[in-house]
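Order of the sequence lines sets the chain letters (A, B, ...), proteins ahead of strands, with each chain counted from 1.
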Amino acid sequence: MIKLLKGNYALVEGAIKAGIDAYFGYPITPQNEITEYMSIRMREEGKLFFQTESELASINMTFGAAVIGKMAMTSSSSPGISLMQEGISYLIGCELPCVIVNVQRGGPGLGNISGSQGDYFQAVKGGGHGDCKMICLLPASVQEMYEMAIKAFYLAFKYRNPVFILTDGIIGQMLEKVDLLSLEDVLKNQFKNLSVDDYKKMFDASSWALTGCEGRDSRFIRSLYMNEGELTKKNTLLLEKYKKMEQELDWEEELISDAEVVLVAYGISSRINKDACILARKSGLKVGCFRLKTAFPFPSNRLKEIARTRKILVVEMSMGQMLEDVKLAVDGVNTVDFYGISGGDLPEVNVILEKIKNMLSR
Amino acid sequence: MFVLPKSLKPVKNHYCPGCGHGIVHRLFAEIVDELGIREKMIAIAPVGCAVFGYFYWDFDTLEAAHGRPPAVATAIKRLMPEKVVVTYQGDGDLIAIGGNECLHAANRGENITIFFLNNTCYGMTGGQMAPTTIPGQKTTTTAQGRTSLDGNPIKVCELISSIDYVTYVARTSLHSPENILETKRAMKKAIQNQIDNKGFSLVEILSMCPTSWKMEPYDAMKYIENVVSKEFKLGVYKDRK
Ligand SMILES: Cc1ncc(C[n+]2csc(CCOP(=O)(O)OP(=O)(O)O)c2C)c(N)n1
Ligand code: SF4
């Protein structure tokens, strides 16, 4: 079914298609469409919609839903996600699944309500205190807001870990054509080989959730490990899990083979890169595009390979956050140039083209 | 004859001698047995001395972030109304860091039960001042005694009972056998209310913390009788029909 929708609405439709049980949210721009539309759609579906008293409550209610094995989601924008950090760490420590969405706005502080990519560090390096990692999905279109919501729930339950969707105010609020595909078709797009049956089976939480101890021994779920060596052991297991998550690595590349300069970005910046790439090619410049679809796992090996024979230009709506991971990946085999714009403004195609020309003439 | 409730694991607890937590744990387990709800129980342990509740209660139990049990309980009860959802919280957990979650769960009249153990201090972190510390009481952060600059004790029962949708609020104490039995009656009613779909119930229990108070267990009970229960008046504050 083809529709014209805002990204935030498409995300809601994706979550509902996935089979979400509960949504918790506190108003903040530019993600209010999620909370408002959820209030309508979840009630229609007979599921739990909850407007919370704060993002602290949002993340901890999400925790409550997760602990009993329900498919739960919360969403917010930058300042609200900051408030959630402790709760995210508890979810990871307790090995509980959920989906968390950040429709990024400008920061620091109250910043502004324009789209931004200033929370990359928080999402990818953070997720709260302690040794935390979350799979981080990076939608770049309204279509991907729909499909990645469906993907996120599956990955959350597969690893019993929160999955983070890092998007921004522009993708969240722009109107675009979206095909609200069947579950089967989305699974074809987002997974190598996953049947609808296997997708649905993943949400069976009966082996670990707290549901009352009828017919079994009582259970407890915790993140506190006080005995000597206990937490080290627990964290070793978490590390093994994080390593397994590496297999969910995903990216997209175009016109790389003969490229001399490769533009690297995620989300809305990658759309601008694409325009720049087309214009550059028209004027005879050999430029390619690399778009990250996951920030953790990070496509380090592929980026290093590309960089061996090509110059890299990172375009990001921040002062240079993903840039640091790209530099780590490239590991000095080539120069990495940067075009960053912070504070809610968009990168400009002209500036990208200018940078490319400079890089080629060096 | 001494028998262990089925809902209490046969292990030693880690509480200091004379601490009230062990008593309330046992009362909780006895009530769960008596009401036959062990297999429906989902309990939420706080961050505080009772964090290890799950080592002692033999029913499904989880550990929430400091102060957030009422939010966690809200989600669980809304999604599984047939379960019995109880939070067990200290004064720091319930009314300092978690004041907002408690207030809003009460205001929504969530059909949950809160056992609130008031020992007038932060036991777990070494006996610092709590919102419930008695004026003049010495703690590790009020060496000269709590002054007016530190605020006055927050009266949880008085505050929460003023909220329209709240069903049952009572304050009891552990300083004598009669008071312990009264505590058990109040706790049982607070759970029965939930089973009967009556809504939000909270029992505040005045409890001894001999370690932070630097008292012998017996003196700690006397301190509740002579001082703490004068500041925090015992009784039923609300019992909405
Ligand atoms: C976010 C956060 N802040 C502070 C702490 C440290 N902390 C642990 S328990 C506690 C206070 C516990 O006091 P109370 O709730 O009164 O329970 P008691 O130990 O007295 O039973 C504090 C401040 C924490 N674990 N998490
Ligand atoms: S510190 Fe106080 S509250 Fe904690 S176990 Fe000891 S006596 Fe009990």
Side-chain angles (χ1 to χ4, degrees), chain A residues 20-24 26 42 47-72 74 83-91 93-96 98 128-129 208-227, chain B residues 6-9 14 29 32 37-48 51-85 87 97-108 110 112 124:
Chain A
I20 183 175
D21 295 304
Y23 168 85
F24 306 93
Y26 183 85
M42 291 296 271
K47 304 288 181 63
L48 179 63
F49 164 82
F50 206 104
Q51 181 174 334
T52 66
E53 61 268 29
S54 72
E55 290 85 352
L56 293 177
S58 294
I59 194 70
N60 286 287
M61 288 185 186
T62 302
F63 180 98
V67 108
I68 55 173
K70 300 288 183 184
M71 294 169 70
T74 182
L83 271 184
M84 292 185 190
Q85 295 294 302
E86 183 201 28
I88 295 175
S89 178
Y90 272 70
L91 280 150
C94 290
E95 296 199 69
L96 295 174
C98 71
H129 57 282
W208 56 267
L210 300 190
T211 50
C213 59
E214 197 172 343
R216 60 162 168 80
D217 288 343
S218 63
R219 292 177 180 154
F220 55 85
I221 288 184
R222 58 161 170 169
S223 61
L224 181 67
Y225 294 88
M226 291 285 277
N227 292 335
Chain B
K6 194 159 181 285
S7 296
L8 208 57
K9 294 178 184 170
H14 70 286
V32 168
I37 53 171
R38 184 178 157 266
E39 297 181 328
K40 286 190 191 170
M41 273 302 308
I42 299 183
I44 304 172
V47 174
V51 64
F52 290 129
Y54 43 77
F55 286 150
Y56 311 131
W57 300 315
D58 196 0
F59 37 73
D60 280 12
T61 304
L62 61 116
E63 167 197 290
H66 194 22
R68 317 301 166 211
V72 176
T74 295
I76 296 175
K77 188 69 185 181
R78 293 264 184 142
L79 287 159
M80 288 191 158
E82 71 282 9
K83 306 295 171 197
V84 179
V85 184
T87 78
I97 196 166
N100 205 40
E101 284 72 22
C102 175
L103 190 67
H104 284 271
N107 189 49
R108 293 186 300 258
E110 297 294 343
I112 60 172
M124 191 193 207

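The number of heavy-atom neighbours closer than 6.0 Å to CZ of A/Phe220, taken from other residues, nucleotides and ligands shown, is above 12. Applying the 6.0 Å contact sphere to CD of A/Glu214 captures no more than 12 heavy atoms from other residues, nucleotides or ligands.
Both the backbone and the side chain of B/Ile76 come within less than 4.5 Å of a heavy atom of chain A. For A/Leu48, the part lying under 4.5 angstrom from a heavy atom of chain B is the side chain only. Heavy atoms of B/Lys77 lying under 4.5 Å from chain A are absent altogether. For chain A, the nearby part of B/Val47 is the side chain; its heavy atoms alone come within less than 4.5 Å. With a 4.5 angstrom heavy-atom cutoff, A/Thr52 does not touch chain B via any of its atoms. With a threshold of 4.5 angstrom between heavy atoms, B/Val51 approaches chain A through side-chain atoms but not through N, CA, C or O. Heavy-atom distances place no part of A/Ser89 under 4.5 Å from chain B, backbone and side chain included. For A/Glu86, the part lying under 4.5 angstrom from a heavy atom of chain B is the side chain only.
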query = Going through the checks in order, is the ring pair (Phe, Tyr, Trp, His ring centres under 6.0 Å) test met by B/His66 and A/Tyr90?
reply = CA-CA 10 Å; B/His66 194 22; A/Tyr90 272 70; 9.7 Å; no

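Interface summary for chain B: among A/Ser223, A/Ser54, A/Cys94, A/Ser58, the most heavy-atom pairs under 4.5 angstrom belong to A/Ser223. Chain A forms the most heavy-atom pairs under 4.5 Å with one residue out of B/Ile44, B/Ile42, B/Leu79, and that residue is B/Leu79. Ranked by heavy-atom pairs shorter than 4.5 Å toward chain A, the options B/Lys40, B/Met41, B/Arg38 are led by B/Arg38.
Looking at A/Lys47, its side chain does come within 3.5 Å of a backbone N or O of A/Ile20 through a donor-acceptor pair. B/Glu110 contributes no side-chain N or O that, together with a main-chain N or O of B/Ala73, makes up a donor-acceptor pair within less than 3.5 Å.
Legend: residues meeting ring pair (Phe, Tyr, Trp, His ring centres under 6.0 Å) with A/His129, ordered by chain and number and at least two apart, are absent. The ring pair (Phe, Tyr, Trp, His ring centres under 6.0 Å) test applied to A/Tyr225 returns no partner, not counting sequence neighbours.
Ring-plane geometry between B/Tyr54 and B/Phe52 is classed as perpendicular, the angle between the planes exceeding 60 degrees on a 0 to 90 degree scale with a lower cut at 30.
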